Engineer: 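Pasting in a structure now, in structure tokens, and then I'll have a few things to ask.
On a predicted model such as this, the values are computed, not experimentally measured, just so you know.
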Amino acid sequence: MHELGVVFKIIDDLKEVAVENDIDKISKVTISLGEVSTVIPDYLHDCWKWARKRTPLLEETELVIEKIPAITYCDDCKQTYETVKYAKVCPHCKSENTWLIQGNEFLIKEIEVPDPDRIED
């Protein structure tokens with residue numbers, strides 16, 4: 001399961017951002033995850049739950065995953081199509097002269113920190 005390694009990389013990046021910005025808690029992290037990125041969202045969530053308990057900066061941090069649809073472009077007919085549904089063969093002209101233009105990304109999109117003025121009960 002490479003998702004645990006991915007989580008460790010996210011945590012390393014978040015720690016670096018926290019140090020650079022003098023942050024001691026992060027409340028939410030939003031990840032943009034391509035549909036064909038090879039990272040399985042459910043496994044990523046499970047690994048996150050395990051790893052955040054071992055990282056004081058992230059103990060209560062929510063992980064949100066936003067899916068980026070996989071889109072392929074056909075060089076022959078110049079159209080795009082859903083990669084997962086049609087794979088490498090263009091549904092418009094049946095060409096295999098295609099390439100993925102979106103959908104294998106893995107990005108930290110947003111980091112939220114607790115509001116320092118908010119009073120906790």
Side-chain angles (χ1 to χ4, degrees):
M1 175 186 323
H2 78 288
E3 284 77 5
L4 187 56
V6 170
V7 165
F8 287 146
K9 174 62 175 136
I10 294 169
I11 289 172
D12 288 345
D13 289 348
L14 294 174
K15 285 178 179 178
E16 185 176 318
V17 168
V19 167
E20 290 172 0
N21 294 279
D22 197 26
I23 296 169
D24 61 358
K25 290 285 180 199
I26 295 175
S27 55
K28 183 164 96 173
V29 175
T30 303
I31 302 292
S32 294
L33 181 63
E35 191 173 27
V36 293
S37 69
T38 73
V39 175
I40 300 170
D42 287 343
Y43 292 173
L44 190 66
H45 272 292
D46 289 345
C47 292
W48 179 261
K49 289 175 189 173
W50 177 84
R52 75 177 185 180
K53 293 176 188 173
R54 289 148 180 82
T55 311
L57 172 70
L58 307 171
E59 286 175 327
E60 300 298 320
T61 306
E62 174 187 7
L63 177 66
V64 175
I65 299 173
E66 294 180 352
K67 183 175 81 170
I68 300 171
I71 304 294
T72 296
Y73 176 80
C74 177
D75 271 332
D76 291 340
C77 73
K78 311 296 185 227
Q79 294 194 54
T80 60
Y81 62 90
E82 299 173 52
T83 306
V84 172
K85 187 172 183 179
Y86 298 104
K88 177 120 176 87
V89 179
C90 175
H92 306 290
C93 70
K94 308 301 182 220
S95 171
E96 290 188 25
N97 190 17
T98 61
W99 50 280
L100 185 70
I101 60 171
Q102 164 186 304
N104 65 346
E105 301 87 347
F106 185 90
L107 309 164
I108 296 175
K109 178 182 177 184
E110 187 173 67
I111 300 168
E112 291 183 25
V113 297
D115 182 353
D117 296 328
R118 184 171 173 212
I119 298 173
E120 297 290 327
D121 293 329

Engineer: To the nearest 0.5 Å, what is the distance between CD1 on I26 and OG1 on T61?
Structural biologist: 6.0 Å
Engineer: Output every pair passing ring-ring contact (aromatic ring centres under 6.0 Å, His included) with a member in residues 56-77, not counting sequence neighbours, ordered by first then second residue.
Structural biologist: Y73-W99
Engineer: Look at E60 together with K25 and state whether they make a salt bridge at an N to O cut-off of under 4.0 Å.
Structural biologist: no
Engineer: Does E105 reach the main-chain N or O of G103 with its side chain, forming a donor-acceptor pair under 3.5 Å?
Structural biologist: yes
Engineer: Is the closest side-chain heavy-atom distance between I10 and F106 below 4.5 Å?
Structural biologist: yes
Engineer: Counting N and O atoms only, with roles assigned by atom type, does the side chain of T30 sit under 3.5 Å from a partner on the main chain of V64, one being a donor and the other an acceptor?
Structural biologist: no
Engineer: Would you give the length of the straight line joining atom SG of C74 to atom CD1 of I101, rounded to the nearest 0.5 angstrom?
Structural biologist: 11.5 Å
Engineer: Looking only at heavy atoms, what is the nearest atom pair of I68 and Q102, with distance?
Structural biologist: CG2-CG, 3.5 Å
Engineer: Can you tell if the side chain of E112 reaches within under 4.5 Å of the side chain of V29, non-hydrogen atoms only?
Structural biologist: no
Engineer: On a heavy-atom basis, which atom in S37 and which in L33 lie closest, and how many Å separate them?
Structural biologist: OG-CD1, 3.0 Å
Engineer: Minimum heavy-atom separation for C93 and D76, please, with both atom names.
Structural biologist: SG-CB, 4.2 Å
Engineer: Can a donor-acceptor pair be found, under 3.5 Å and without considering hydrogens, that links the side chain of W50 to the backbone of H45?
Structural biologist: no
Engineer: Do you know the tightest heavy-atom contact between C47 and L4?
Structural biologist: SG-N, 3.6 Å
Engineer: Identify the two heavy atoms, one from I40 and one from E3, that lie closest to each other, and give their separation to 0.1 Å.
Structural biologist: N-OE2, 2.8 Å
Engineer: For side chain to side chain contact (heavy atoms under 4.5 Å, CB included), just list the numbers for Y81 and T98, CA-CA rounded to whole Å, side-chain angles, deciding distance to a tenth of an Å, and then say yes or no.
Structural biologist: CA-CA 10 Å; Y81 62 90; T98 61; 3.5 Å; yes
Engineer: Report the distance from atom CG of L44 to atom CG of D42, rounding to the nearest 0.5 Å.
Structural biologist: 9.5 Å
Engineer: Taking all atoms of both residues into account, what is the closest heavy-atom pair of K49 and K53, and its distance?
Structural biologist: O-CG, 3.4 Å
Engineer: Got a donor-acceptor contact below 3.5 angstrom from the H92 side chain to the K78 backbone?
Structural biologist: no
Engineer: Below 4.5 Å, heavy atoms only, C-beta onward: do I31 and I108 meet side chain to side chain?
Structural biologist: yes
Engineer: Checking side chain to side chain contact (heavy atoms under 4.5 Å, CB included) for the pair T72/T80: CA distance, chi angles, key distance, verdict?
Structural biologist: CA-CA 5 Å; T72 296; T80 60; over 6 Å; no
Engineer: Between E35 (side chain) and P69 (backbone), is there a donor-acceptor pair under 3.5 Å?
Structural biologist: no
Engineer: Between T55 (side chain) and L57 (backbone), is there a donor-acceptor pair under 3.5 Å?
Structural biologist: no
Engineer: To the nearest 0.5 Å, how far apart are OG in S32 and NZ in K67?
Structural biologist: 13.0 Å
Engineer: Tell me whether V36 is reachable from Y43 by hopping between hydrophobic residues (I, L, V, M, F, W, Y) whose side-chain heavy atoms are closer than 4.5 Å.
Structural biologist: no
Engineer: Is E62 reaching over with its side chain to a backbone N or O of S27, donor-acceptor style, under 3.5 angstrom?
Structural biologist: no
Engineer: With rounding to the nearest 0.5 angstrom, report the CG to CD1 distance, L58 to I11.
Structural biologist: 5.5 Å
Engineer: With side chain to side chain contact (heavy atoms under 4.5 Å, CB included) as the test, would you mind laying out the steps for E59 and R52 before giving the verdict?
Structural biologist: CA-CA 5 Å; E59 286 175 327; R52 75 177 185 180; over 6 Å; no
Engineer: Within a strict 4.5 Å, meaning less than it, do heavy atoms of the I111 and L14 side chains meet?
Structural biologist: yes
Engineer: Surrounding NZ of K88 (heavy atoms of other residues, nucleotides or ligands, distance under 6.0 Å), is the total greater than 12?
Structural biologist: yes
Engineer: In terms of heavy-atom contacts, does CG of N21 have more than 12 from other residues, nucleotides or ligands at under 6.0 Å?
Structural biologist: yes
Engineer: How long is the span from the CZ atom in F8 to the CG atom in D13, to the nearest 0.5 Å?
Structural biologist: 13.5 Å
